[in-house]
Amino acid sequence: MEPQVTLEGLNPRQLEAVESGDGPLLVVAGAGSGKTRVLTHRIAHLLSTGRARPGEILAITFTNRAAAEMKERVEALIGPPARAMWVTTFHSACARMLRGDAERLGYTRSFTIYDEGDAVRMIKSVMAELEMDTKALPPKRVKARISGAKNELIGPEEFMAAADTWLGEQVAEVYALYEKRMIENNAMDFDDLLVRMVNLLELFEDVRTRWQKAFHYVLVDEYQDTNHAQYRLLKLLAGEKRNLMVVGDEDQSIYGFRHADIRNILDFEKDFPDARVVKLEQNYRSTQTILSGANAVVANNRDRRPKELWTESDQGEPIQIVSLSDEHEEARWVAGEVERLVTEVGIDTEEIAVFYRTNAMSRVLEDTLVRFGVGYRVVGGTKFYERAEIKDAVAYVQYLVNPSDAIAFSRIVNSPRRGIGKTTLGRILTHANTVGENIWQVASEPEKVPGLGSAAVRAVDSFQATMSELRDLPEDRDVAEILESILQRSGYMEALEAERSIEAQGRIENLEELISVAREFDLNRGLEGTSDIPPLEEFLQQISLYTEQDKLIEQQELLTLMTLHNAKGLEFDAVFIVGCEDGVFPHSRALDEGQEEEERRLCYVGMTRARKRLYLTSARSRGPRGGFTEVNGPSRFIDEIPDDLIERQGSAPGIATVRSYRAPGSGSSPVTASPRATEPVAVAVGDDVVHASFGEGVVIGSEPGGVIVIRFAADGSERKLMAEYAPITRR
DNA sequence: CACATCTATCTTTTT
DNA sequence: GATAGATGTG
C-alpha cells in the first residue's frame with residue numbers, strides 16, 4: 001500500500017544510516033556528503049516500512065528554508081501524506097507545542113513572540129524602571145548575557161545566586177524584572193520559546209508523556225549548532241524510546257556566539273554509549289583541489305574528530321588567491337571575473353556567489369556591480385520584517401491579539417501621529433505597571449491615569465475606540481482583509497499617502513507586499529485547513545519566526561551575495577570569498593574572544609560551498625570607515641592552504657592606489673593597527689613612511705624586538721628594518 | 001508635544 | 001555614510 005521508496009544510488013555509508021534500526025544514531029556528515037539525502041531517505045524509509053506514520057515524525061532544522069526543502073524532498077519520495085509530518089525549526093516547533101499549554105506557565109495561548117528588537121526595547125524599559133544607566137551598560141549587552149543564561153537553562157534566581165561581580169548582579173536584577181514584565185506582557189522572546197517548552201516538559205508529566213507518545217522518531221539536522229536548551233529539549237522529546245537521529249558536522253559549527261555548544265555533537269557518544277555512529281566522508285560536490293584546501297585549513301583546529309573528505313571527481317582548477325590594493329579594486333576585480341566566468345567559461349550567473357564576513361561589506365560590492373551591470377541579489381541584510389512600517393503593521397495585529405502587549409502598544413499608539421508623546425505614553429505605562437492591569441484596560445480608561453491632560457485623554461480614547469472596533473471584526477475574516485482594515489481605519493495608510501514622498505511610496509509598497517504575504521497565507525490555510533490555532537495568531541507566529549534568508553527566490557541571471565554564515569547549506573559552481581584579511585576574516589573581535597577555531601570553521605564552510613572554482617580575495621587596505629583605514633595582512637587561513645593547490649594573482653602592491661581613494665585633505669587620517677601588531681616605535685601599521693634610500697612605503701607589520709615590516713612603493717618589495725635605526729620619516 | 005538638528009555608534013555572525 | 005537617540009527650539 002505504501003509507495004516503494006527506492007534506496008538506489010545511496011553509497012554504503014548512507015545506506016547504513018538510512019536503514020539503521022531504532023535507538024540513538026549519530027551521522028557525522030562532512031560538507032557535501034549528502035546529509036539531506038540521508039535524512040529525507042531515512043524519513044521515507046521509516047514511513048514506507050510502516051515503522052512510523054507521518055504524524056509521528058518530528059524533523060528539526062534551524063531555518064525555515066531548510067525545513068521547507070526537507071519537507072518538499074520527502075514529499076517527492078512518498079507523496080502528499082508527508083504533509084502531516086512535523087518538519088520545522090526548533091523555534092516553530094516549540095511555539096506550536098506551547099500554544100496548547102502556555103496557560104500552565106502563566107501565559108495565555110495568544111502570547112506574542114518578540115523579535116530581537118522588541119526584546120531589547122523591553123530590556124531597556126526595564127533598565128529605565130530600575131534607574132540603571134544604559135550608557136554604562138548597553139541593553140544589548142545585558143540582553144546577550146540574559147540570553148546566554150537562558151540557553152544554559154539558568155533562571156533568574158539561580159543567575160542571581162551565582163552573580164559575583166557588579167555586572168553580574170546588575171544583569172541578574174534586570175533578568176528578574178524582565179522575566180516578570182514579559183509574562184505580564186504575555187510575550188516570549190526567541191530563547192523563551194525553547195526554555196518554556198523545556199519547563200513544560202520537565203514540570204508536567206502529562207505534557208511530557210503526551211509529546212513523547214506523539215513523536216516516535218526525532219531527527220535533527222545541523223546538530224553541531226544546538227545549544228544546551230535545545231539539547232535538553234531533544235532528550236526530553238526522545239524520551240525512553242530514544243529514537244533520536246542527529247546529523248551534523250563539528251567542522252561546520254559556526255554559531256558558538258549564539259551559545260551553540262559544539263560539545264553536544266562531540267560528546268554524543270558519551271551521552272548515548274549505545275549510539276550507532278555513521279561517518280559520511282565522500283563528497284559529491286567539489287573538486288579534489290577545493291576539498292584538499294578546505295581539509296588543510298580545518299585540520300588546524302583541535303576541537304574536532306579526525307575526518308578527511310574525499311571525492312571521485314578530478315583535481316579541477318587551482319584555488320585562486322587574489323590580492324588587490326583596496327576594497328574598491330577588489331570589488332571591480334570580482335565583478336570583472338564574474339563577467340568573464342559567465343561569458344568565457346560559460347557558468348550561469350545564478351551559479352556564482354560572493355561571500356563576505358560582515359553585512360556592511362556588501363555595499364561596495366553592490367555599488368560596483370551596479371556600475372558593471374551585473375544583476376545580483378543580497379540574501380540577508382536588512383530584513384523585510386524589520387522595516388519600521390512592517391513592524392508597525394504587525395504591532396497593530398499583535399496588540400489586537402494580545403491586549404497585554406505593551407511593547408506593541410508603545411509602537412503604534414502614536415503612529416500615525418495622534419498627539420500622544422512620550423510623556424503621555426510614559427504615564428500610561430507606569431500606571432499599568434503600578435495597578436497591575438493590562439495595557440488595553442488602562443488605555444480604555446485614560447481618565448484614570450494620573451497626570452494626563454484632557455487633550456491626551458481624548459487622543460487615547462479615540463485611539464482605543466478604533467482598536468476596539470478592529471478587534472470586533474469577525475474572527476473568520478481573512479488575515480489579509482483584517483490587515484487592510486487595520487491600515488485604513490488606523491489612519492496609517494492615509495498618513496503615508498499624505499506624505500507624498502518617495503520614501504513613503506516605498507513604505508506603502510512594502511505594506512502592500514505584507515498584505516500579499518497575508519493573502520498567500522490565507523490561501524494556503526484554506527487548502528490545508530488543519531491548524532488548531534486562530535488564523536491571525538498563526539499568521540503572527542509564522543512571520544515572527546520567519547527571516548529573510550528563508551526566502552528562496554531563485555531568480556534567474558542573478559549573482560548571489562551573502563554573509564558566510566548565510567551560505568551554510570548552499571552550493572555554487574563558483575564562489576568568491578572577499579575580505580580574506582587578518583582582522584576582517586578572521587574577524588579581529590572573534591580573535592580577541594578566542595574564537596579563532598570558529599572563524600576557521602566559517603572559512604571551511606565558505607570554501608566547501610564551491611563546486612568547481614574558488615577565489616579568496618584580499619585587499620591590502622580597507623576603509624575609510626568613519627575616517628579609519630585598516631591595513632591588514634592576508635588572512636592566516638590563506639597561509640594554511642598548501643601552495644600546490646593555489647594560484648596567486650592580483651594587482652602589484654603599491655600605495656598610490658590606496659591614497660587616491662582618500663578624501664582630499666584627509667591624508668593624515670588616523671590608522672588602526674592590525675590586531676596582532678604591537679607598536680614598540682613611533683610608527684604604526686598602516687603608516688605611510690619615506691625611507692632615505694628606498695623611498696615611499698607603507699608599514700605593513702611589526703615584530704618583536706622593534707622590527708617593522710615596510711612594503712616599498714617603488715618595487716613592491718617588503719623589507720624588515722629596525723625601527724629605531726631605520727632612516728625613515730612619517731609623511 | 002512635535003519637529004529639526006546634531007551626535008555617537010555602528011559592523012560579526014541570527015532563530 | 002546611515003541611523004537612532006539625544007538635545008534644542010517653536
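Throughout, a chain's letter reflects where its sequence line sits, starting with A, and its residues are numbered from 1.
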>> Within the supplied structure, the quantity of interest is the number of heavy atoms (other residues, nucleotides, ligands) at a distance under 6.0 Å from E129(A) CD; does it exceed 12?
In response: yes
> Rounding to a whole Å, what distance do you find between L452(A):CG and dC1(B):P?
Replying inline: 9 Å
>> Heavy atoms from C-beta onward define the side chain here; which of dA2(B), dT13(B), dT14(B) lies closest to that of T358(A)?
In response: dT13(B)
> NA contact type, H587(A), heavy-atom cut-off 4.0 Å: base, sugar-phosphate, or nothing?
Replying inline: sugar-phosphate
> Whole-Å distance between dA8(B) P and K140(A) NZ?
Replying inline: 18 Å
> When we call it a touch if two heavy atoms are under 4.0 Å apart, what does E593(A) touch: a base, just sugar-phosphate, or nothing?
Replying inline: base
> So what does T424(A) touch, heavy atoms closer than 4.0 Å: a base, only the sugar-phosphate, or nothing?
Replying inline: sugar-phosphate
>> Rounded to whole Å, how long is the line connecting atom CG of L591(A) with atom C1' of dT13(B)?
In response: 14 Å
> Is it true that the side chains of N510(A) and E389(A) contain a donor and an acceptor less than 3.5 Å apart?
Replying inline: yes
> Does a nitrogen or oxygen in the side chain of N359(A) sit under 4.0 Å from OP1 or OP2 of dT13(B)?
Replying inline: yes
> Would you say the ring centroid of F257(A) lies under 6.0 angstrom from that of H565(A)?
Replying inline: yes
> Start at the 5' end of DNA chain B and walk down; is the nucleotide closest to A360(A) or to T563(A) reached first?
Replying inline: A360(A)
> So, is R258(A) near the phosphate of dT14(B), with a side-chain N or O under 4.0 Å from OP1 or OP2?
Replying inline: no
> Can a donor-acceptor pair under 3.5 Å be found between the side-chain atoms of H565(A) and the base atoms of dT13(B)?
Replying inline: yes
> Could you state the CZ-C1' distance from F257(A) to dT15(B), rounded to the nearest angstrom?
Replying inline: 10 Å
> With distance as the sole criterion, is a donor-acceptor pair present between the side chains of Y114(A) and D405(A) under 3.5 Å?
Replying inline: yes
>> Just the rounded figure in Å: distance from P of dT13(B) to CG of L561(A).
In response: 15 Å
> Reckon I420(A) touches a base, only the sugar-phosphate, or nothing at all at heavy-atom distances under 4.0 Å?
Replying inline: sugar-phosphate
>> Distance check needed: dT14(B) C1' versus F190(A) CZ, whole Å only.
In response: 8 Å
> Any side-chain N or O of R417(A) under 4.0 Å from OP1/OP2 of dC3(B)?
Replying inline: yes
>> Let me spell it out: for each of R363(A) and K422(A), pick the nucleotide of DNA chain C with the closest heavy atom. Which residue's pick is nearer the 5' end?
In response: R363(A)
>> Heavy atoms only, 4.0 Å cut-off, all strands: where does E598(A) land among base, sugar-phosphate and nothing?
In response: nothing
>> Determine whether F62(A) and F90(A) satisfy the following criterion, ring pair (Phe, Tyr, Trp, His ring centres under 6.0 Å), listing intermediate values before the conclusion.
In response: CA-CA 6 Å; F62(A) 272 84; F90(A) 272 103; 5.4 Å; yes
> D367(A) CG to dA2(C) P: how many Å, rounded?
Replying inline: 10 Å
> Atom CD1 of I577(A) and atom C1' of dT13(B): how far apart are they, to the nearest Å?
Replying inline: 15 Å
>> Can you see if the side chain of N566(A) gets near the phosphate of dT14(B) - specifically, an N or O under 4.0 Å from OP1 or OP2?
In response: yes
> Is there a donor-acceptor contact under 3.5 Å linking the side chains of Y492(A) and D392(A)?
Replying inline: yes
> When the P atoms of dA4(C) and dT13(B) are considered, how many whole Å apart are they?
Replying inline: 16 Å
> Considering Watson-Crick and G-U wobble pairs with both distances under 3.5 Å, what does dA4(C) pair with?
Replying inline: dT7(B)
